[in-house]
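In what follows, a single structure is set out as structure tokens and then discussed.
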Amino acid sequence: MDITIVLSQIFNGLSLSSILLLIALGLSITFGIMGVINFAHGEFLMIGAYTAYVLQKLSIANSGGSLFLLSLPAAFVVAALIGLLLERSLIRFLYGRPYESILATWGLSLILQQLARNIFGANNVEVASPGWLQGGLTVMEGLQLPYNRLFIMAVAVLCVSGMYFYLYRTRSGRRIRAVMQNRQMSACMGIKTNRVDAMTFAIGCGLAGIAGAAVSLLGSIGPSTGQNYIIDAFMVVVLGGVGRLSGTIAGAIMIGTMSPLFEFVTTSSMGKVIVFALVIIFLQWRPSGFFTLKTRTVD
Amino acid sequence: MFKYFFSIRKLGFAVVLVLTLMTFFLTARSEATEKEPIKVGVLHSLSGTMSISEVAVKDATLMAIDEINQKGGLLGRKIVPIVEDGASDWPTFAEKAKKLILKDKVAVVFGCWTSASRKAVLPVFEKYDHLLFYPVQYEGLEASKNIIYTGAAPNQQIMPAVSWLLKQGYKRFFLLGSDYVFPRTANLIIKKQLKVEGGVVVGEEYTPLGHTDYSTVISKIKAAKPDVIFNTLNGDSNVAFFKQLKAAGITADDIPVMSVSIAEHELIGIGAENAEGHYAAWNYFMSMKTPENEVFVRNYKARYGQDRVTDDPIEAGYFGVYLWAEAVKKAGTTDVKKVREALRGIKYKAPEGWVKIDPTNNHTWKIVQIGKIRKDGQFDIVWSSGKPIRPEPFPPLVSNKKVIAPGKIVNR
């Protein structure tokens with residue numbers, strides 16, 4: 001087999017890992033750390049993608065330039081604000097009630113999709129890659145690494161290290177971890193757990209927003225964009241081990257490198273089947289994923 | 001005396017009552033024959049994944065109905081559309097079809113997009129012996145007497161596209177499609193055709209509907225070194241595929257892609273600059289220069305917005321209403337059975353040119369064209385069959401069946 005094909009498949013594996021990591025990062029906060037089964041997570045991704053689209057429309061109308069870099073923080077802010085609103089009005093009543101939250105967030109996901117359809121139309125729209133992200137880095141004859149994939153890798157690394165720094169090195173990040181590990185104790189120590197819940201959920205949604213803006217470079221954006229990613233995101237978090245960022249990273253890399261490999265030696269549909277089957281077998285063996293959080297609480 | 005008086009009063013009362021009732025019924029009846037509108041059903045997905053495509057077809061269908069109404073309606077009666085949402089869910093399509101037929105008692109139904117939804121409503125239309133106009137190209141191998149197919153049969157889109165590619169000197173084909181009935185049947189036909197006409201298949205890939213990562217498929221394409229990619233992907237996957245193909249440095253000059261599910265409408269989402277120079281095969285393009293098309297495009301834009309585009313299924317959804325209206329005029333009634341009889345061989349000058357319902361198989365005679373995608377999302381027409389082609393729902397290459405009369409399919 002051609003060496004360029006082997007190299008490009010390795011690159012594809014790393015690229016897919018970074019995409020999976022980015023879309024699962026927000027979920028590893030809301031589902032992994034907070035324990036909210038949020039089926040509307042994909043819709044926050046969609047909100048981020050539409051934010052990038054709206055900014056692009058505005059920038060074309062104003063200057064003709066592209067504001068794509070700005071759309072990443074903007075997507076974070078918009079998705080986080082909507083997340084905050086929904087946490088206060090709906091999600092907070094569902095803490096500790098997994099069955100109800102599955103149904104409620106499923107409904108929420110349908111509502112958000114239909115809202116997007118009413119606002120932006122049923123048509124898929126496109127976010128054009130800015131000029132500096134078009135084309136790719138030619139490593140050798142027949143091997144071109146697309147700039148937009150390299151860019152997504154950089155964004156993923158930046159977001160993960162940012163989250164690490166935030167959760168482990170800042171006061172408010174430590175507060176989040178404290179509340180999630182032992183709510184009563186944290187409350188006794190004077191932490192406003194309500195406020196921490198709202199903020200954590202908002203951050204998780206914001207991260208989904210960034211992921212949405214980033215994946216808009218790869219495909220199109222439509223009201224049902226989030227649905228394409230939600231299953232993969234849950235799979236990454238569950239495989240990695242609920243509750244740990246490192247687990248999410250491991251899960252993303254495992255699935256990300258395995259999928260292109262199996263897809264190459266079999267077919268796309270079959271590759272997906274094999275990956276799912278392996279994940280199921282693995283979870284039989286280790287039901288709580290790669291990394292498990294050892295806590296004293298029984299909940 | 002008292003008795004006599006009472007019965008007179010009773011008699012008088014009864015007479016008055018009968019007269020009132022009679023006048024009431026008579027006026028009601030005459031009003032009914034004069035003004036009762038013709039109800040027609042419109043059944044498309046207005047929500048869910050398929051709404052991307054189907055809403056525009058519904059819009060075109062409603063536009064045709066309004067145009068007919070503005071010209072005085074049909075048989076002196078107004079046409080009233082009853083729009084139902086199939087919600088991209090096949091059982092819902094069947095349920096709504098039943099509701100339109102039994103509860104609303106519509107004269108005809110226009111609708112469906114995916115083959116799955118058509119297969120779901122087919123038993124309903126056959127059971128109640130009703131009539132559906134289906135506006136989308138499809139994989140063939142079906143010919144119900146209860147369905148009028150106004151989109152292309154395989155020999156009106158896929159097969160001419162393959163022949164044209166071979167004539168251009170493209171011999172090595174890579175077949176890429178979504179993993180469901182249409183692409184698999186289409187590729188079966190293509191493979192047989194290549195064997196007969198002298199081409200080779202160097203790769204065949206199916207990806208799940210909604211697949212978004214094509215990097216591995218692109219690696220496989222690079223490894224197989226095809227002359228051309230024959231693309232039967234459906235929906236959002238196309239966007240991801242074309243964007244990623246371009247990012248991987250493969251242009252239309254290196255390996256052109258021939259698509260059969262990408263029209264002007266889908267190009268908005270793909271971004272025409274990502275697909276520039278590639279090909280698509282259809283019966284209608286928005287850039288066609290017929291006078292009928294210029295009026296159609298102008299009216300569609302005026303009604304739904306200047307940024308809207310028309311395309312093949314939209315046009316088929318539009319002229320389907322006119323074909324039905326012509327048949328109703330010919331039959332002089334909206335009775336389903338009589339209209340179906342009248343539909344055989346009926347003609348209409350559509351935006352794409354003359355179209356005609358084939359009297360034996362209920363499919364439509366249509367012109368076939370190949371377009372090259374331009375930067376502005378329109379097509380340059382590079383080849384045309386010049387005249388309408390006879391539809392063949394059961395291509396001899398893959399089927400030993402043939403249609404001898406509407407709904408009558410026999411072995412060859």
Side-chain angles (χ1 to χ4, degrees), chain A residues 1-2 4-9 11-13 15-16 19-20 110 113-114 117 121-129 133-136 138 142-149 215 217-225 227-229 232 256 259-265 267-273, chain B residues 45-56 58 88 176 178-180 203-220 222-225 235-250 265-274 305 307-309:
Chain A
M1 196 191 295
D2 218 332
T4 58
I5 300 219
V6 176
L7 287 176
S8 62
Q9 274 309 96
F11 176 77
N12 289 342
S15 162
L16 183 61
I19 295 165
L20 288 174
L110 294 179
Q113 280 179 48
Q114 198 57 39
R117 208 166 275 127
N123 272 334
N124 278 18
V125 293
E126 198 229 350
V127 175
S129 306
L133 279 180
Q134 281 177 13
T138 311
L143 178 61
Q144 184 176 349
L145 310 182
Y147 286 131
N148 54 17
R149 284 180 181 263
V215 296
L217 291 172
L218 296 175
S220 71
I221 298 166
S224 53
T225 294
Q227 299 294 305
N228 294 337
Y229 295 101
D232 285 336
S259 301
L261 178 73
F262 290 126
E263 198 182 325
F264 194 79
V265 294
T267 65
S268 306
S269 306
M270 217 35 220
K272 211 151 199 169
V273 170
Chain B
S45 299
L46 312 180
S47 57
T49 59
M50 286 314 297
S51 60
I52 292 167
S53 307
E54 290 191 57
V55 167
K58 176 218 67 175
S88 310
L176 173 64
S178 299
D179 206 353
Y180 74 105
E204 186 176 359
E205 270 296 311
Y206 298 95
T207 59
L209 274 172
H211 193 65
T212 49
D213 195 315
Y214 280 89
S215 49
T216 301
V217 169
I218 290 167
S219 290
K220 283 189 180 177
K222 277 185 186 162
K225 297 191 177 61
D236 301 358
S237 295
N238 274 308
V239 186
F241 172 65
F242 277 101
K243 269 191 171 180
Q244 291 167 25
L245 192 69
K246 193 188 175 201
I250 299 175
H265 198 65
E266 285 72 29
L267 277 176
I268 299 172
I270 294 171
E273 72 277 6
N274 292 316
D307 56 335
R308 291 283 289 265
V309 295

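Proteins get letters first, then strands, A, B, ... in listed order; numbering begins at 1 in each.
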Which answer fits [X], side chain, backbone, both or neither, if we ask what part of it has an atom under 4.5 Å from a heavy atom of chain A?
{"X": "B/I250", "value": "neither"}
{"X": "B/N238", "value": "neither"}
{"X": "B/I218", "value": "neither"}
{"X": "B/E266", "value": "neither"}

Check: What is the distance from atom OG of B/S219 to atom CD of A/E263, rounded to the nearest 0.5 Å?
Finding: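 Rounded to the nearest 0.5 Å, the OG-CD separation comes out at 9.0 Å.
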Note to self: Let me confirm one number: the OG-NZ distance from A/S129 to B/K246, rounded to the nearest 0.5 Å.
What the structure shows: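 Separation between the atoms: 8.0 Å.
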Check: Under a 4.5 Å heavy-atom cutoff, which of B/N274, B/V55, B/L46, B/T207 has the most pairs with chain A?
Finding: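 Most heavy-atom pairs within the cutoff with chain A belong to B/T207.
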Next item on the list: Output the option from B/A56, B/S53, B/A248, B/S237 having the highest count of non-hydrogen pairs under 4.5 Å with chain A.
Entry: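 Sorted descending by pairs with chain A, the first entry is B/A248.
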Note to self: Applying salt bridge (charged side-chain N to carboxylate O under 4.0 Å, His left out), can you list everything that pairs with A/R117, at least two apart in sequence or on another chain?
What the structure shows: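 In terms of salt bridge (charged side-chain N to carboxylate O under 4.0 Å, His left out), with neighbours along the sequence ignored, A/R117 is linked to no residue.
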Notebook entry, point to check: A/V215 versus chain B, heavy atoms under 4.5 Å apart: side chain, backbone, both or neither?
Noted result: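 No part of it gets close to chain B.
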Checklist line | Region of A/Y229 that comes under 4.5 Å of a non-hydrogen atom in chain B | finding: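 The side chain, not the backbone.
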Note to self: Restricting to side-chain contact (heavy atoms from CB on, under 4.5 Å), what partner residues turn up for A/L261, sequence neighbours left out?
What the structure shows: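 Listed in chain order: nothing, the list is empty.
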Item checked: Residue pair A/G219 / B/V239: nearest heavy atoms and the distance that separates them ->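 Distance-wise, the nearest heavy atoms are C-CG1, 3.6 Å.
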Margin query: Show the nearest heavy-atom pair for residues B/E273 and A/A128, with the distance to one decimal.
Written below: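 Reported closest heavy-atom pair: OE2-CB, 4.2 Å.
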Next item on the list: Considering only heavy atoms and a distance below 4.5 Å, find which of A/L16, A/I19, A/N148 pairs most often with chain B.
Entry: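 Winner by heavy-atom pair count: A/L16.
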Checklist line | Pick from A/T267, A/L218, A/L217 with the largest number of heavy-atom pairs that fall under 4.5 Å of chain B | finding: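 Highest number of pairs under 4.5 Å: A/L218.
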Note to self: If only side-chain N and O atoms count, and only distance matters, is there a donor-acceptor pair under 3.5 Å linking A/S269 with B/D179?
What the structure shows: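 On atom types as modelled, these side chains qualify, holding a pair under 3.5 Å.
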Margin query: Any non-hydrogen side-chain atom of A/S268 less than 4.5 Å from a side-chain atom of B/T216?
Written below: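 No - every pair of side-chain heavy atoms lies 4.5 Å or more apart.
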Next item on the list: Would you mind checking if B/D213 and A/K272 are paired as a salt bridge, meaning a charged N to carboxylate O distance below 4.0 Å?
Entry: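 Looking at B/D213 together with A/K272, the answer is no, because their closest N to O distance does not fall below 4.0 Å.
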